[in-house]
Amino acid sequence: YVRKEGAHNLRYVARLLKRLVRNKGLKALVVDDSALARAAARRLLDAHGYLVFEAGGGAQALKLLEKEPDIRLAVIDYFMPDMNGAELTTALRERLGFEDAAIIGVSAEGDMSTSVSFLKSGANDFIHKPFQAEEFYCRVAQNVDMLNMFEDIREMANRDFLTGLANRKHLFETGKKLFASQRRGHLRLSAAMMDLDHFKRVNDTFGHDAGDAVLRHFASVLKERFRETDILARFGGEEFCVLSVNMDPAKAFDIFDAFRREVAAKPVLHGGREIPCSVSVGVAVGPGAGFEELLKASDELLYRSKAEGRNRVTV
Ligand code: GH3
Ligand code: MG
Ligand code: MG
Ligand code: MG
């Protein structure tokens with residue numbers, strides 16, 4: 001690739017390799033009424049590992065988007081029989097925000113108004129046809145880099161740094177959203193509030209690093225035990241919350257008690273020492289009046305587990 005693109009420095013090559021890895025399989029849509037032009041763009045995008053879809057016009061592109069809603073890059077011609085590229089861009093932008101997808105307009109017309117029209121409709125960039133492969137790659141790559149940066153920022157804003165679990169902000173946002181759809185009658189939400197027992201002692205006896213290792217270990221057991229659809233969150237210091245959809249109330253106790261037993265049975269190894277660890281849990285199964293009420297209910301049940309001696313589950 002590199003020679004073909006005339007890469008002159010190592011940094012460019014390093015960036016290129018990083019992009020090839022990260023952007024592999026990223027869904028790209030090429031819209032052009034000329035099959036030849038589509039094939040040319042496809043060839044370039046294929047070579048960089050994108051998963052390319054083609055549409056011969058605006059209507060077809062919009063239909064395709066329904067089947068492939070996670071298109072992240074669209075390369076759009078201006079002059080097409082059914083609608084022009086700017087009109088299509090406007091329609092695409094109703095569904096794909098600037099954080100979701102990059103749109104690049106392409107046209108053979110020298111007229112500046114074409115590019116302005118694209119940009120005003122919500123395109124990120126514009127390339128004149130015929131274009132050099134290098135320019136095409138550079139513009140595509142920069143726009144996709146921007147999307148990836150959005151993704152990284154979103155990820156950082158939603159994750160707890162120590163454990164990699166969802167953070168409290170993400171838990172509340174997702175919880176409220178799930179609660180709204182639950183009201184429409186599809187889901188049965190449950191919240192399990194968990195608090196490590198005598199965690200202050202762990203820090204005091206083994207040190208803060210050991211405490212952190214226990215938190216990470218606990219998070220990894222959570223990730224193993226629970227499903228992809230469950231929201232696993234670090235609620236605060238040594239408090240965690242598992243938000244589940246479709247929790248069977250008859251099974252809730254067994255599920256969380258098995259988890260509790262696993263935590264208690266496996267001391268955490270840190271610095272050659274075994275650190276005992278246990279957790280108290282309160283599980284509230286919905287429906288409740290609202291997400292915050294559900295959390296409050298699980299917190300009260302957790303308090304009961306603590307009061308009754310810790311290392312136990314109350315449903
Ligand atoms: P209980 O069984 O009643 O929950 O007792 P506890 O000692 O766990 O409760 P307490 O709330 O008094 O102590 C929580 C401790 O968790 C205090 C705090 O220093 C520690 N902690 C909070 N966040 C972190 C962290 O990120 N790392 C470490 N190592 N410790 C933390
Ligand atoms: Mg055309
Ligand atoms: Mg606590
Ligand atoms: Mg505690």
Side-chain angles (χ1 to χ4, degrees), residues 29-42 54-61 74-89 103-111 113-115 117-118 121 123 126-131 136 160 162-163 165 167-168 171 191-206 208 210-219 221-222 233-242 256 259-260 263-264 268 275-282 295-296 298-314:
L29 170 62
V30 176
V31 192
D32 201 309
D33 57 326
S34 149
L36 214 64
R38 286 202 303 274
R42 167 190 278 279
E54 289 181 34
Q60 206 189 332
V75 177
I76 302 176
D77 178 38
Y78 192 81
F79 291 104
M80 296 183 290
D82 63 344
M83 68 178 87
N84 73 39
E87 287 163 348
L88 175 59
T89 300
I103 299 178
I104 301 178
V106 191
S107 173
E109 298 306 300
D111 188 352
S113 66
T114 312
S115 56
S117 174
F118 260 121
S121 307
F126 180 82
I127 311 174
H128 287 282
K129 272 198 286 196
F131 46 74
F136 183 82
D160 167 57
L162 182 72
T163 60
L165 299 179
N167 63 16
R168 189 182 181 121
L171 174 72
M193 199 63 89
M194 309 179 164
D195 185 295
L196 298 186
D197 297 327
H198 296 306
F199 194 64
K200 208 172 163 312
R201 269 190 220 160
V202 172
N203 278 330
D204 292 347
T205 313
F206 300 91
H208 202 268
D212 284 357
V214 171
L215 293 172
R216 277 196 295 265
H217 168 83
F218 183 80
V221 181
L222 273 177
R234 186 173 179 205
F235 196 78
E238 28 77 84
E239 286 172 32
F240 297 83
C241 182
V242 175
F256 287 98
F259 169 74
R260 175 199 64 78
V263 170
V268 184
I275 306 170
C277 176
S278 72
V279 63
S280 297
V281 184
L295 282 188
K296 193 159 174 281
S298 64
D299 203 41
E300 278 160 15
L301 294 163
L302 162 63
Y303 186 77
R304 215 185 294 170
S305 289
K306 289 281 186 191
E308 285 170 10
R310 295 180 171 76
N311 189 20
R312 69 193 62 212
V313 176
T314 309

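Residue numbers run from 1 in the order of the sequence given. Order of appearance sets the numbers: ligands from 1, and atoms from 1 within every ligand. The figures that follow rest on heavy atoms only: side chains count, while hydrogens, waters and symmetry mates do not.
Side-chain contact, S280 with D195: no donor N or O sits under 3.5 Å from an acceptor N or O.
With 2.8 Å as the limit, E238 counts as an N, O or S neighbour of the Mg ion (ligand 4). Inclusion of E239 in the first shell of the Mg ion (ligand 4) is not supported: no N, O or S atom falls under 2.8 Å. Here A37 does not reach the Mg ion (ligand 2): none of its N/O/S atoms is less than 2.8 Å from the metal. Because the distance cut-off is set at 2.8 Å, K200 fails to qualify as a neighbour of the Mg ion (ligand 4), as none of its N, O or S atoms comes that close. Residue side and main chain included, D32 places no N/O/S atom under 2.8 Å of the Mg ion (ligand 2).
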- Derivation and outcome, side-chain contact (heavy atoms from CB on, under 4.5 Å), residues V214 and F206: CA-CA 10 Å; V214 171; F206 300 91; over 6 Å; no
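Remark: side-chain polar atoms of R168 are paired, donor with acceptor, to backbone N or O of F235 under 3.5 angstrom.
Restricting D195 to its N, O or S atoms, the one at the least distance from the Mg ion (ligand 4) is OD1. Among heteroatoms of the N, O or S kind in D33, OD1 lies nearest the Mg ion (ligand 2). Take the N/O/S atoms of D77: the one nearest the Mg ion (ligand 2) is OD2.
Note on ring orientation: taking the six-membered ring where Trp is involved, the planes of F218 and F259 are perpendicular (angle over 60°, cut-offs 30° and 60°).
Each of K129, R42, R38 was checked for a salt bridge (Lys or Arg N to Asp or Glu O under 4.0 Å) with D32, and the lone residue meeting it is K129.
In this structure the side chain of V202 never reaches within 4.5 angstrom of the side chain of E238, judged on heavy atoms.
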